[in-house]
Number of protein chains: 2
Amino acid sequence: MKKYNVAVVGATGLVGREMLKTLSQRNFPIDELKVIASERSEGKKIQFNDKELTVESVKEGTFAGVDIALFSAGSGVSKKVAPQVKKAGGIVIDNSNAFRMDPEAPLVVPEVNGEDLKKHQQIIANPNCSTIQMVMLLKPLAEKYGLKRLVINTYQAVSGAGKKAVDELMEQTKAYLNKEEIKNDKFKHQIAFNAIPQIDVFLENDYTKEEMKMVNETHKILHDPELPITATCVRIPVVFGHGESLNIELKNDYRIEEIKKLFNETKNVEVVDDPAQEKYPLQIDTENNDNVLVGRIRRDNSVENGVNLWLTANNLRKGAALNAVQIAEYLIENNLV
Amino acid sequence: MKKYNVAVVGATGLVGREMLKTLSQRNFPIDELKVIASERSEGKKIQFNDKELTVESVKEGTFAGVDIALFSAGSGVSKKVAPQVKKAGGIVIDNSNAFRMDPEAPLVVPEVNGEDLKKHQQIIANPNCSTIQMVMLLKPLAEKYGLKRLVINTYQAVSGAGKKAVDELMEQTKAYLNKEEIKNDKFKHQIAFNAIPQIDVFLENDYTKEEMKMVNETHKILHDPELPITATCVRIPVVFGHGESLNIELKNDYRIEEIKKLFNETKNVEVVDDPAQEKYPLQIDTENNDNVLVGRIRRDNSVENGVNLWLTANNLRKGAALNAVQIAEYLIENNLV
């Protein structure tokens with residue numbers, strides 16, 4: 001089996017570390033592995049399988065011979081460094097927002113639109129975490145019934161904002177329990193025992209960037225640029241796992257049992273839906289589960305062909321690192337590297 | 001000024017204590033005040049203004065001479081004890097689910113449908129916390145534009161489930177921080193650093209009772225029994241204050257600035273909506289604020305005349321104790337006692 005030279009850029013971050021873990025767990029065919037981060041982290045050691053790797057920063061020639069570079073270092077780094085990888089002949093799979101709406105960059109969830117990778121031009125975008133888990137369910141519904149309109153509400157974990165955000169939740173929680181002063185730094189407002197109805201910055205239309213990512217990325221991934229979608233994205237004091245409540249109008253009539261069967265047959269989707277046993281998807285249950293969990297599937301009688309769903313997934317795994325690695329695997333399986 | 005004999009039933013609970021605090025803060029015209037709870041609490045002392053009151057349990061003649069009894073002791077107690085108050089000639093304002101859908105019992109938010117109190121037959125129902133804060137905003141919208149459809153998502157605090165629920169969140173949070181085993185008792189699942197998409201029991205249609213309360217109570221309060229509504233209710237690890245995301249289809253066209261002005265002119269509603277300054281309603285900001293806070297007001301372009309809102313309110317105050325006391329005040333002001 002052919003092996004590849006792989007680089008992980010942003011290797012010391014929450015998603016970067018998860019990328020390394022995923023590459024290891026899935027026995028990704030690696031020849032040489034480079035772990036890259038900012039100059040501040042240069043020289044740090046990272047364990048990968050039985051090897052100890054040394055963190056490098058980007059220098060002249062860093063990407064020579066690299067076949068695939070997984071990026072998760074923010075859009076500033078991606079915009080600057082991804083072209084260097086491309087120039088050196090490698091493929092970039094970028095977890096940032098830098099290239100997602102670039103018409104030349106495929107935006108891909110392999111189970112949903114892996115085919116789009118066939119037109120890649122060396123830079124491939126990994127969608128936003130909250131978009132990835134949602135389109136995993138929207139795709140089979142779109143194919144079977146057609147989609148008419150979506151109303152999205154999210155219940156997102158702080159780990160989506162990085163390691164500092166998780167630390168801040170923990171520090172604030174301790175301060176709250178000890179009746180000490182609560183300090184905000186990473187978040188504009190207190191996140192411990194509170195919800196913040198803002199993720200990312202505000203845009204001119206008074207939606208946040210996160211909310212418009214869910215609209216625009218879904219349009220691109222589903223190849224349905226006119227699909228009416230509205231989103232409200234909220235950060236809640238959960239560490240890992242995003243929750244989402246979807247209200248969906250389908251174009252055609254459906255039966256609830258049919259939808260459950262459809263999801264049961266969908267790869268990497270798991271139906272957890274047993275009201276009698278009080279079973280439904282929980283965010284804490286995604287910690288060691290790479291599937292998208294869906295439940296609370298019920299008819300919305302307030303509109304024709306309406307259906308409500310609740311879903312959870314691990315925002316760092318399927319929502320980021322795992323999806324990026326799956327893209328790399330798709331490239332290899334389809335001789336696109 | 002005339003003074004009244006008042007009883008608080010369930011006086012030792014979270015809402016009962018808040019009722020006493022509210023009666024005191026608003027200088028409610030009290031002659032005699034009885035604090036009533038289960039036999040287990042009998043003899044306990046409760047401070048009210050400069051008096052120390054002794055908790056009684058319900059006995060023969062407990063309600064003799066009582067003009068107004070505020071109940072918050074669960075629907076079992078309400079069903080059993082409220083008729084005794086009525087028989088003794090008093091008025092019950094009941095915070096439980098026992099009488100809300102009873103056609104003889106007005107279900108009232110004074111700012112919204114206080115007029116309904118004029119037909120009371122001694123038992124008056126206080127709506128569910130999540131319904132109260134929502135109809136405060138729906139009423140002015142219904143009058144000015146007409147309502148066509150609602151999609152509700154809630155982000156509800158644990159205090160809505162009582163004192164034991166708050167204690168459980170705190171215990172679980174400590175256990176999480178100390179890496180100890182997390183125990184569930186009041187909640188079926190872990191609530192610390194997690195969200196639970198179930199509030200109250202499941203009904204035959206796979207909605208929870210809480211979700212159907214939001215539908216049915218809103219129909220009754222707005223006198224609009226056919227209004228299409230769908231709800232998803234989620235418990236999040238917040239102590240006080242419910243958050244709600246409303247997606248509303250209006251019957252007629254609107255301008256965003258007009259809606260902001262309308263809410264600014266609505267009594268006991270406060271607009272907190274300044275994206276440039278990252279200001280919007282937060283649950284922690286409702287601790288010492290009796291208003292319903294509304295923000296993130298923005299056009300939903302996925303549907304004609306669509307609007308999205310985010311609102312927060314104190315679930316124990318406006319969502320329970322305060323609304324009950326406001327009902328009592330309305331009765332007095334309108335000579336309905």
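Chain naming here is simple, since letters A, B, ... match the order of the sequence lines and numbering starts at 1 in each. Just so you know, these numbers come straight off a predicted model, no measurement behind them.
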Checklist entry - Judged by atom type as modelled, is there a donor-acceptor pair below 3.5 Å linking the side chain of A:Arg296 to the main-chain atoms of B:Pro197? => result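 Such a contact is found between A:Arg296 side chain and B:Pro197 backbone.
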Review point. Between the main-chain N or O of A:Ile284 and the side-chain N or O of B:Asn194, is there a donor-acceptor pair closer than 3.5 Å?
Key: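 Yes; at least one donor-acceptor contact below 3.5 Å.
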Side chain, backbone, both or neither: which part of [X] has an atom under 4.5 Å from a heavy atom of chain B?
X: A:Ile256; answer: neither
X: A:Asn205; answer: backbone
X: A:Leu282; answer: both
X: A:Phe240; answer: neither
X: A:Phe193; answer: both
X: A:Glu226; answer: neither
X: A:Thr286; answer: neither
X: A:Ile229; answer: backbone

Quiz item: Distance only, no hydrogens: is a donor on one side chain within 3.5 Å (strictly under) of an acceptor on the other, for B:Thr230 and A:Asn308?
Solution: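 The criterion, which ignores hydrogens and geometry beyond distance, is satisfied for A:Asn308 and B:Thr230.
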Using 0.5 Å steps for rounding, measure from the [atom1] atom of [X] to the [atom2] atom of [Y].
X: A:Ser302; Y: B:Ile152; atom1: OG; atom2: CD1; value: 9.5 Å
X: B:Asp285; Y: A:Gln190; atom1: CG; atom2: CD; value: 9.0 Å
X: B:Tyr155; Y: A:Ile196; atom1: OH; atom2: CD1; value: 13.0 Å

Side chain, backbone, both or neither: which part of [X] has a non-hydrogen atom closer than 4.5 Å to chain A?
X: B:Leu227; answer: neither
X: B:Ala157; answer: neither
X: B:Glu204; answer: neither

Please tell me if the side chains of [X] and [Y] come closer than 4.5 Å, counting only heavy atoms from C-beta onward.
X: B:Trp310; Y: A:Asn153; result: no
X: A:Arg298; Y: B:Thr232; result: yes
X: A:Val303; Y: B:Glu249; result: no

task = Just give me the residue among A:Ile297, A:Val239, A:Val158, A:Leu169 that pairs up with chain B most often, heavy atom to heavy atom, under 4.5 Å.
result =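 Between A:Ile297, A:Val239, A:Val158, A:Leu169, the count favours A:Val239.
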Item to complete: Verify side chain to side chain contact (heavy atoms under 4.5 Å, CB included) between A:Thr173 and B:Thr173, making sure each step is shown before the conclusion.
Response: CA-CA 8 Å; A:Thr173 303; B:Thr173 303; 3.2 Å; yes
Listed once per pair and sorted, the side chain to side chain donor-acceptor pair (under 3.5 Å) pairs that draw on residues 269-283 of chain B, sequence neighbours left out: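 Non-adjacent pairs meeting side chain to side chain donor-acceptor pair (under 3.5 Å): A:His189-B:Tyr280, A:Gln198-B:Glu278, A:Gln198-B:Tyr280, B:Glu270-B:Asn289, B:Glu270-B:Asn291.
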**Item:** Within 6.0 angstrom of B:Glu304 CD, more than 12 heavy atoms from elsewhere
**Value:**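 No, CD of B:Glu304 has 12 or fewer neighbouring heavy atoms, counting only those of other groups under 6.0 Å.
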Among B:Pro281, B:Gly295, B:Pro275, which has the most heavy-atom pairs under 4.5 Å with chain A?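 It is B:Pro275.
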Chain A interface, residue from B:Leu177, B:Thr312, B:Val215, B:Val234 that has the most non-hydrogen pairs under 4.5 Å: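 Looking at each option in turn, the highest pair count goes to B:Val234.
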B:Tyr176 and A:Met170: which non-hydrogen atoms are nearest, and at how many Å?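 Smallest interatomic distance, heavy atoms only, reads CE2-CE, 3.7 Å.
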